[in-house]
Chemist: 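Please see the structure below; I have some questions.
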Amino acid sequence: MFSDYSWADLGAIFAMQGFAGLTLFAVFVLMALGLAIIFGQMGVINLAHGEFMILGAYVTYLVSTFFAEYMPALFSLYFFVAMFLAFLASGALGLLVEWALIRHLYKRPLDTLLATWGLSLILQQTYRSVFGAREVGVSLPDWMMGSLPLTDLIEVPINGIFVMILAIGISTAVYVMLFRSNWGRQVRAINQNRDMASAVGINAEWTDRLTFGIGCGVAGVAGSAFTMIGSTGPTSGQLYIVDTFLIVVFGGTASILGTIASAFSISQAQSIMEFFLSGSMAKVLTLLVVVGILMLRPQGLFSMKLRK
Amino acid sequence: MTDDTSKRKSGDVNRRAVLAGGTALTASLFLPKSVRAQDYPTAEINTTGLAVTDDAVTIGILHSITGTMAISETGSVQAEKLAIEQINAQGGILGRKIDYIQEDGASDWPTFAEKARKLLVNDKVASVMGCWTSASRKAVLPVFEQHNGFLYYPTFYEGLEQSPNVIYTGQEATQQIIAGLNWVTREKGAKTFYLLGSDYIWPRTSNKIARKHIENFMDGTSVVGEEYYPLGHTQFNSVINKIRLRKPDVIYAIVVGGSNVAFYKQLKAAGIDMTEESPIVLTISVTEDEIRGIGGENIDGAYACMKYFQSLDNDNNIAFVDAFKEMWGEDMVIGDVTQAAYLGPWLWKAAVEAAGSFDVDKVREASPGIELTSAPEGYVKVHENHHLWSKTRVGRAKPDGQYEVVFETADLVEPDPFPEGYQ
Amino acid sequence: MQERFILKVEDLTVSFDGFKAVDGLNLYIEPNECHVIIGPNGAGKTTLLDLICGRTAASGGSVKFHDKELLSMREDQIVHAGVGRKFQTPSVYEDLTVFENLELNYPKGYSVFGALTFRCDDTIRGRITEIAETIFLEDMLDEKAAYLSHGQKQWLEIGMLLIQDPELLMLDEPVAGMSVAERKKTAELLKRIITDRSVIVIEHDMGFVVDIATRVTVLHQGQVLSEGSMEHVQNDPKVVEVYLGH
Amino acid sequence: MTFSSFMTRKEAFGFLVLAAVIFLVLPLALDAFRLNLFGKYLTYAFVAVGLALFWGMGGILSLGQGVFFGLGGYCMAMFLKLEASTPENTAIQSTPGIPDFMDWNQITALPAWWEPFNSFAFALFAVVAVPVALAFVIGLAMFTRRVGGVYFAIITQAIAAILTILIIGQQGFTGGVNGITDLRTLMGWDIRSEAAKTTLYFVNGALLFAVLMVAHYIRKSKLGRLLRAMRDQPDRVRFSGYNVASFKIFIFCVGAAFAGIGGAMFTLQVGFMSPTLVGIVPSIEMVIFCAVGGRLSIIGAVYGALLVNWAKSTLSESYPELWLFGLGALFIAVVMAFPNGLAGIWSERIEPQILRLFNRSKDDKTAPKRAPAE
């Protein structure tokens, strides 16, 4: 299929294809990080994860409208404000949900799945009632929608770079928080032995709530970032949920590093297959490979080896 | 209701009433024409037990207002309600006010079938305005044929269908596609096309027709790629790279729903400036409604080929746009399907009045040949095959989310749901 | 020809992320002996039982039961071969009755089809009553297991093993958490049931060990520290060192 | 097995009430349209009963039951579609005699794997065999490797996603997003008429009872006790000498078979089959039916399916813009406040009341007329 192209063409395409794979990787990481915290550290299956992301997207929409209206001069910078507010909004909703729902269900992980599915229906309808059934258009600052021409042939989308930087930043932040901060130690302690953690004076209740809130907040930031590449409507969140869960499970639940590795392998596989196959078949094949590997290695790519 | 004592033969008069529309004021969008209900005794105009009383007739509205398709179908519901309100303001149909029962198809095809059955069997509605996706239409079609209901279907669609129980107020695929391809080849000198679509029957059939036309009916043109992505797909970087590799003159895109937003944003971010027209982006799936979600600045310079744009400059349309905004809000936009949905109640009114009866069989018989001169898109006429004769237009997207009409077929294009040589 | 050992554990090794919980261990069990394994916490006692009964996969070595290699068998196959295992914490089916608990372990209807067509006849009922008497629960047959005392649950679990009549019985701390009276009864029970089979017992209670053991193995850091009669082990300076030296 | 060991009087009473509801109360109380709707709901009950077996009793949550429901439904739809695609009916096509969607996708001959579906016997066999075969493969791969709980749920969800994309992508062979529509007759019998739909309702009810009896038999057998045992103490069951995986595979296959039968009846009752029934959303909803009914109770599962769907239909008719709130709240309420669903409410709240009533006045014959679900 490549016989009629020059080497320069092919080189450029492969470079850009590699970049496309990396962008997809960053997108997957953003999608999965919040879930990895919640699912990996707390064992809660949050099927409303997509709706938390879309909340972040709606917040971004509101902020962009506000800036366009009242502070057009600062419009090019609004995105940073929006991401921060998205984190706060989704995080606050997360705290509320943890308090009202999740804390009653810690011993029943499969039930969290059902309850959060109900929650996702309610959130979807709330978005629909508040913002209307149509998608909202989030206008983005011009600088985010351009591309950097590296050579004559190779152009790199700026939003791709942005998403990548964001993914790296948030992963690092989450990593530092989990493995360097006091909160992280508490979370991991609770994850490993809840009773013992409580016995040594860790406030398990608040740590859980905070963990859930932070996971949701990260989802909000992801949603905010996705306004650059995806749509913002009441049901847009559903598009992400299966992929997200697969990434987290594929990575091995207890490991942030695993999530990142799994996002990387799935994104590369998908982006390479998409180049050679039709889009639908590429998706089917990617999912099949992931499910196949999970059947052979149910604990995921990375997992803690524990003495049972 | 104004008094009009002289009883006339309904057919002629109403035809004239419909034809005589076209003034700029909302209330008189169609010439007010009052008919007294008692001139049409219920027993005579409704011999099949439909929901018709001495002063009201009930129809159904069946669209998704929840689920993934609500994004698209909301506009249709709004347009249909506007048309019903306007018709009622003019005195209704055969002196009867239109009531409607709205059901939610919930973006789920079995639910559509269930609700269609409910509307026809339980509520005995005289007609139904509804459906959007082909799948929902296919799901309700057997129900309509079995219970002899009458459906006005607003969406541009793939064709290959002609039901006695459906009036298709949107364009079928050849009507929409061929004019655009001819135009882009003739005016822009395009030779190579990259076909792209969401993975379901409408994009696939449309691209099939496009491919046949490009390969068999035009000179020196060819298809250099064809590609489908699952509904809801949001990652188009790989296909954009493939397109770069093929360097087509035209990206022929039939991406739908949320994928649209992702596709155009990523296209723009990848450095493909559509205003430079290299390649040209030509779509048949992006109406003004979709641009709201995409963002005008992200699709600036793309071309769309369909029968209606909100920016059409004629009196009918200006009145329609004003009325629509008055009813639903200043920030509303109107797309091709929304306008087609708006035609539904009017076409039905015209057919009922021509038939002098609400009976589905009589309305069906009266339907072919019904004309609306006052349609926002201009003049339309119902073909024997239940589709509409209509003009096809090409618009160029502007940053404000509107299309600038750059081309319009000289004549009405004949609907041809089973096109020879394209299958 | 009867082999001398019914169970031969040779060079058995397992490591968790580099930590060798059992390290090149050898252990031989003779017919009809009550072999007690003792050792400080973390010596690898429970892991050893887990390895023998297939609960944990070994990294190397071999476990031969008669001439069958257990390491390549599934748990249920190992049970069918004649090895029974009781867990440290009593694990019985809490929402089933004592009768049903025993019935579920009656060695019949192991396959899916067998379980679907399994019927409790008089022979089975008789056997269940017999076992219930052995484990002092004949009056509790219709009680839900959840309502039993801790000691009674231990007995029930032993009963569930007995009904399968295993050739080798492995008991992980059978008297842990028992009252003095229960402890005495359990010792009695064990003495009765070890008469016609081999038993491996893990136990900390030295009095109890003296009471039942025919042979004792001391484990330390995954390896055999000492082996022999209770008396021999007690006087082994290495054992004294491990137990008192720290 | 004597009757009394197969079924206690209390259980028999529960089945009788359910039979009365399905075969008497609903047909008498509802018009043809509503009865037909309940016929559709009953087809979901097949799935819910299966879920009560392997989720409620076995502790295995599958979020991919729509896959089996859909496969059963598609097998039936393929047969019906071939019957409907006579050369006369399809004369307008470029290749008459093949299903319309194939013609639209430029397929000019019936694919070989469609051929067997010309036979009704084969189609009936496939309705059960295809879902069971897939369940067997999934079960074998997952349960022998001891994948369970959340992992199993998510993997089955991914399988639902894969199958949906596959069906939609291979539209020349499957009808794509539209599904297989416009099914008309079953062996010459018009399934679209009101009379046929009413007949199908009763066939549905009868089949459901057959399935319920099978489920009940399994539940009462040793296998049923083993399932509950392995849900709570999987290790103990292994060390009692049972191959846990084989039991899980078996019960998963039984659930798949039930779902397949339900799917086939759905196709007959509704007149088409569509990929929207295969995907993730319907699969989760099916779990909800079971949860609302009470995940441990097979009778509860039937009431759950009926009640949730009825609520969905009526709520969406009266409050089309708000019904999702109601549905979402219902899910949450069931999980939070009534983890054992309707069956739990019945056995914990209502039944004791009734018993007390009985004990107070022995000759007072106020037997509970209302079904637990109402």
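So that the names make sense, note that chain A is the first sequence line, chain B the second, and so on, each numbered from 1.
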Chemist: Please list, in residue-number order, every residue in residues 87-100 of chain D that has a heavy atom less than 4.5 Å from any heavy atom of chain B; write 'none' if there are none.
Modeler: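 The list, in residue order, reads D:Ile92, D:Ser94.
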Chemist: Which value, rounded to the nearest 0.5 Å, describes the distance between D:Lys312 atom NZ and B:Asp104 atom CG?
Modeler: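 Nearest 0.5 Å value for the NZ-CG distance: 10.0 Å.
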Chemist: How many angstroms lie between atom CZ of D:Phe33 and atom CG of B:Asp123, to the nearest 0.5 angstrom?
Modeler: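 Spacing of CZ (D:Phe33) from CG (B:Asp123) equals 8.0 Å.
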Chemist: Quick check: closest heavy atoms across D:Trp104 and B:Lys208, and the distance to 0.1 Å?
Modeler: O-NZ, 2.7 Å
Chemist: Does any backbone or side-chain atom of D:Ile168 lie under 4.5 Å from a heavy atom of chain B? Answer side chain, backbone, both or neither.
Modeler: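 Both the backbone and the side chain of D:Ile168 come within 4.5 Å of chain B.
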Chemist: Against chain D, label B:Tyr228 side chain, backbone, both or neither, depending on which of its atoms sit under 4.5 Å from a heavy atom there.
Modeler: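 For B:Tyr228, there is no contact with chain D at all, as no heavy atom is under 4.5 Å.
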Chemist: Could you have a look at D:Pro282, D:Pro275, D:Ser274 and say which one has the most heavy-atom pairs with chain B under 4.5 angstrom?
Modeler: D:Ser274
Chemist: Under 4.5 Å heavy-atom distance to chain D, tell me which part of B:Ile101 shows up: side chain, backbone, both or neither.
Modeler: neither
Chemist: How close do B:Pro110 and D:Phe266 get, counting heavy atoms only, and between which atoms?
Modeler: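 Nearest pair, atom of B:Pro110 first, then D:Phe266: CB-CZ, 3.9 Å.
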Chemist: Answer whether the closest heavy-atom distance between the side chains of B:Asp199 and D:Gln171 falls below 4.5 Å.
Modeler: yes
Chemist: Quick one, D:Gln106 and B:Arg204 - any side-chain contact, counting heavy atoms below 4.5 Å?
Modeler: no
Chemist: So, for B:Gln146 and D:Glu194, which heavy atoms are closest and what is the spacing to 0.1 Å?
Modeler: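 Reported closest heavy-atom pair: NE2-N, 4.5 Å.
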Chemist: Between chain D and each of B:Glu103, B:Arg137, B:His147, count heavy-atom pairs under 4.5 Å; write down the option with the most.
Modeler: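 Sorted descending by pairs with chain D, the first entry is B:Glu103.
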Chemist: Return the CG to CZ distance between B:Leu141 and D:Phe272, rounded to the nearest 0.5 Å.
Modeler: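 Going from the CG atom of B:Leu141 to the CZ atom of D:Phe272 covers 11.5 Å.
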Chemist: Begin with the C-alpha distance, continue with both residues' side-chain angles, and end with the deciding distance and a verdict on side-chain contact (heavy atoms from CB on, under 4.5 Å) for B:Asn122 and D:Arg34.
Modeler: CA-CA 9 Å; B:Asn122 264 23; D:Arg34 293 280 164 202; 3.9 Å; yes
Chemist: Heavy atoms only, distances under 4.5 angstrom: which of B:Pro230, B:Ala113, B:Ser134 has the most pairs with chain D? Name it, please.
Modeler: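 Among the listed options, the one with the most contacts to chain D is B:Ser134.
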Chemist: To the nearest 0.5 Å, how far apart are CD in B:Glu114 and OG in D:Ser316?
Modeler: 6.5 Å
Chemist: Do other residues, nucleotides or ligands put more than 12 heavy atoms under 6.0 Å from B:Trp328 CH2?
Modeler: yes
Chemist: Let me know if B:Ala70 has heavy atoms under 4.5 Å from chain D in its side chain, its backbone, both or neither.
Modeler: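 B:Ala70 has no heavy atom closer than 4.5 Å to chain D.
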Chemist: Please round to the nearest 0.5 Å and tell me the distance separating atom OG1 of D:Thr276 and atom CZ of B:Phe112.
Modeler: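 Here the rounded value is 11.0 Å.
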Chemist: Which members of residues 177-186 of chain D, sorted by number, sit under 4.5 angstrom from chain B on a heavy-atom basis?
Modeler: D:Val177, D:Asn178, D:Thr181, D:Asp182
Chemist: Quick one: OG on D:Ser313 to NZ on B:Lys115, what's the gap to the nearest 0.5 Å?
Modeler: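 Those atoms lie 5.0 Å apart.
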